[in-house]
S.K.: 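Here you go, one structure.
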Amino acid sequence: MSLVKKLVDTQLAEAGIEVSNALCEHFAFTRAQLFDIVRIGEISTFSELIDLHGSGHGCDICRPVAASILSSLGKGHVLDRENAALQDSNDHVMANLQKDGTYSVVPRIPGGEVTPEGLIAIGQVAADYGLYTKITGGQRIDLFGARIEQLPQIWKRLVDAGFESGHAYGKSLRTVKSCVGQSWCRYGVQDSTTLAIDLELRYRGLRSPHKIKLGVSGCARECAEARGKDVGVIATDKGWNMYVGGNGGFTPRHAPAPPRTSRPKLVRATDRFLMYYVRTADRLQRTAPWLESVEGGIDAVRAVVLDDSLGIAADLDAAMAAHVGAYEDEWAATLADDSKLSQFASFVNAPATPDPDLAYVQERGQRRPAAEDERAVLIAGASIPVRNEEVGV
Ligand code: SF4
C-alpha cells in the first residue's frame, strides 16, 4: 500500500496536482511536524494537541501516532488518564492480540541471555496457565493463549521472577539479537553478548514510528544476522562495524556499509541515529524506507549522526539521555495501580468470567486454538426452561 501511495503521489505531483502530506483529516501536519509541535510546545495530552493544532476528535490514524509521540517524549504511562484511549489494541492491554481473542505475553530477555532459573520461572508460568510456548526470532520466549483477565496475574508472576515488559506489543525497541561472541565462541573477537544486553537495556521502552530491532555479532561470520536489523553491529579485532537500515519483513534489505568505531562512539552514534529516526520518520515507516525518504539519503543521515551537520547532535544526545533516565517497566507500574488493572476483564459486567467461546486442541504436546472443523458440533442450542402450568413444573 505504501508503494501504491508513493506511485500515485508521484504521478499527481508530476501532473501539477498538490499532494497533501497531512497525517489525516484532523491534522494538517506530517508526523515529523507533529513531533516537533508536541516537543517544542511541551504538549502533554492529546486533548491539548488537537485543541491547539487540529480539528475534530481524532481517528485511528492520528490517535495512536499522538500516543506514540507523547510516549517517546516521556509524557506518562501508556495507560495514564486519556493516554489509554489513544492506544492501538495491543498497546491498550500491553499484550499481543491473537486470532482467537486471547493474548500473547513476551517478557524481555536482553540479548537473548537467560538463566536456568529464569527459564524455569517462565516455564512454570506457562504450565500453570496452559500457555503455548515458542522461541521467537528475537531470542526470547512467547507465551500464547492468555485470557485478558489472566494478564495481570501472569505478569505479577513474571515481574516477581525478575522479568519486565518486552514491548512486543508496541512500536518500539523489540530485541537486540546476539551471538555468544568471544565468551564462548572460538571465532569471536569481541564480547557481543554484553554489548547486546547493554544496548537493549539502553533503548528498551523507546516508542518509535515502527518497531526497532538491533543485532550484534561477535565476528564477521554474522551469526546474529545483524545486517538485517535496523541497527546492526559486527565485531572486528579493531572495534565494531555499525550498519543501519537493515530490515526483514515484506522488503528485506541489507544495511549499507558502515563506519568502524569504538564502543563509546558506537553507542553515541546509535543514540543519535535512533532519536533522529524517532523524530523525523513517517508513521509506520521503518528505518530502511526512512533512509530512502530522507533528502540526501544515508549520506545525509550519516552527516547528522557523525558530523553534526544540522547542529542538533547535543539535542539528540540529551533526548536519549532523558529517555534512558526516565525508563520504567510498564507492566510493573501497571501492577502497582488499581485504576489501570480494572480494564483487564473479558466482560465488564462479569469481570471474573472467562470467554466461554475459546476452544483448543492438543498438538505436539501443547494446545493451540481449534480450527472451525475441530470445534465440537453444537447438536442442540441453548434451551429455555418453560413453566408447564398443567403439571405444575
Ligand atoms: S558470529 Fe562469530 S563469534 Fe558469533 S557465534 Fe558466529 S562465529 Fe562465533
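Just so you know, ligand 1 is whichever comes first in the structure, and atom 1 is the first atom listed for that ligand.
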S.K.: Classify the angle between the aromatic ring planes of Y327 and H323 as parallel (below 30°), tilted (30 to 60°) or perpendicular (above 60°).
M.R.: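 Taking H323 first and then Y327, their aromatic rings stand perpendicular (interplane angle over 60°).
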S.K.: Tell me if the aromatic rings of F344 and W331 count as close, with their centers under 6.0 Å from one another.
M.R.: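 Ring centroids of F344 and W331 are less than 6.0 Å from each other.
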S.K.: Please report the number of protein N, O or S atoms that lie less than 2.8 Å from atom 2 (Fe) of ligand 1.
M.R.: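 Those protein atoms number 1 in total.
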S.K.: Salt-bridge test for R272 and D317: reply yes if a basic N is under 4.0 Å from a carboxylate O, no otherwise.
M.R.: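 Here R272 pairs with D317 in a salt bridge, since their nearest N and O are under 4.0 Å apart.
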S.K.: Please determine if E374 and R368 form a salt bridge, counting it only when a charged side-chain N lies under 4.0 Å from a carboxylate O.
M.R.: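 Counted as a salt bridge, because a side-chain N and a carboxylate O are separated by less than 4.0 Å.
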S.K.: What about the rings of Y276 and W290, do their centers lie closer together than 6.0 Å?
M.R.: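 Distance test on ring centres: under 6.0 Å, yes.
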S.K.: Salt bridge check, D91 against R207: does any charged N sit closer than 4.0 Å to a carboxylate O?
M.R.: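 Looking at D91 together with R207, the answer is yes, because their closest N to O distance falls below 4.0 Å.
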